[in-house]
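Encoded as structure tokens, the structure appears first; notes follow it.
Every number for a ligand or one of its atoms is a count from 1 in the order of the listing. Note that the numbering runs from 1 along the sequence shown for the chain. Keep in mind that what you see is a predicted model, and the values were worked out from it rather than measured.
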Amino acid sequence: MAINYISEYGKETVLEQIYTEIQLVYLNDSRPWVIGYSGGKDSTLTTMLVIEAISRLPIEKKQKKIYILSTDTMVENPLIKNYILRNIDLINKYAKAKKINLSATILQPKMTETFWTLLLGKGYPSPRQKFRWCTHRMKIKPMDEFVDKIVKEYDTSAIVVLGVRSAESNSRRQSIENHSVDGKILKKHTTNNNAYVYAPIEILSNDDVWACLLNSTSPWGFDNNLLLSLYRDASDESECPIQQDVNAPSCGQSRFGCWVCTVVSKDKSLSGFIQNEYDELRPLLKFRNHLTDIRDRAEYRQNYRMNGSIYFLGDAKDRRGLGPFSVQGRKKLFRELLETEVNFNKAIKESEDKRFSLSKDDYQHLITYEEMEIIRAQWIEEGDWNDTLPTIYEEVTKKPYFEGYVNQPFISKDDQELLESLCEENEVNEDILKSLIALENKHVGLKHRPGIIASIDKILSRDIVHEELAVIYQGGHNENNEGDN
Ligand code: SF4
């Protein structure tokens, strides 16, 4: 219906109505705006229309703050990430030149909640639909926390502007005529009580969106034909919208999803590019497929949960359920990830320059030092007292590991070997003993040790300490939160 609307009345008319509405909503109150920009077609058009509408206002009327936010999961497809960074930079320059009170920013998840710190650090199994631990932590939470921060700062609610669309128009024109904004044009945010959602392109169809994009250059000067080429040859045109709801379908169904996404059965983020001769991405696709393949392999996983509990698959109690990736499995994956990084950078150097190519002068990191330090600390806490992460790093990359800030292991190699042989001799669970020693080390020198008894109790209550009893009493757990426990 909307496409006819455009054909019948002309694109300009529809766009003028949207500009009028945007200006009305913007001038209606002093609540700051937050625009979710994923780099996909819908959020690009939304950002374009908002910037255009606001830039038409006289200077004294365009002082209300607008934040344009893009979430970088830290496992974005590197080509898409590059594309978004270029746009963010241009948007900021354009807003400055046009004296619009706007800033475009990239948000990232907390370092302790990135894909790698959870998977390689804590051992979370590669995400899948039943255990999708990534979207909320990596996409929704950074945005929600930002909105909460500005709500506090401005002491008011915020308007979240999204590029969501629906075929149904909800008497919006009437709302504009009535100057009725709250409850009509703005809707309650699904997860954040302090926010309202405004969707300026809600009434547009897919074709409308492309028609608008391809008949204009973005105000900040980016050629939208480049955006079209991002979508070209994709078997599915869906994009990764700014996620509001953890129950929404997986955001990995698109070119704008994470390159490591194992939630979807077939990768969409890398394959399209590879089909279009971006062969440098092949090492990434190989590793992503490997992550899917090994997910349920026992040699990569513990046979008890993170909290030490054990469970069985089915009633027979003869098949132990799997827990997180074991420290051994994590080390193996870390090595494989670094090998992928090395191969990826080699492939970039050998590749031909194309539209979205990455600079041959910059080294592309697939994992940051900060993440590696968190992973390293976690491994040490779980008994990797040889501190193997820097060694693996140096072996694979042939570069020195940087000066880390993690506490070095507190026991010499000889003492460690002695401890291991004593555990074996006395049939004591080595992991448990190491956990107790690590706990003591964490509290050493402290006058007050709040919570230490509860922590000791937690370690000693693990099923794996009393495995025979646990086997008798346990059973019937399902696998849904196999690692997150
Ligand atoms: S794209 Fe995949 S890995 Fe990334 S947040 Fe979405 S579901 Fe998780």
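- Under the rule for a salt bridge (Lys or Arg N to Asp or Glu O under 4.0 Å), the partners of Arg330 that lie at least two apart in sequence or sit in another chain are Glu382.
- Using a 4.0 Å cut-off between heavy atoms, Thr135 contacts ligand 1 through both its backbone and its side chain.
- For residue Cys134, no N/O/S atom approaches atom 2 (Fe) of ligand 1 to within less than 2.8 Å.
- Remark: Glu336 engages Lys332 in a salt bridge (Lys or Arg N to Asp or Glu O under 4.0 Å) (not counting sequence neighbours).
- Close contacts of ligand 1 with Arg132, meaning ligand atoms under 4.0 Å from a residue heavy atom, involve 7 (S).
- Under a cutoff of 6.0 Å and an axis angle of 45°, Lys187 and Tyr196 do not form a cation-pi pair.
- In this structure, Lys141 pairs ionically with Glu113, as a charged nitrogen and a carboxylate oxygen lie closer than 4.0 Å.
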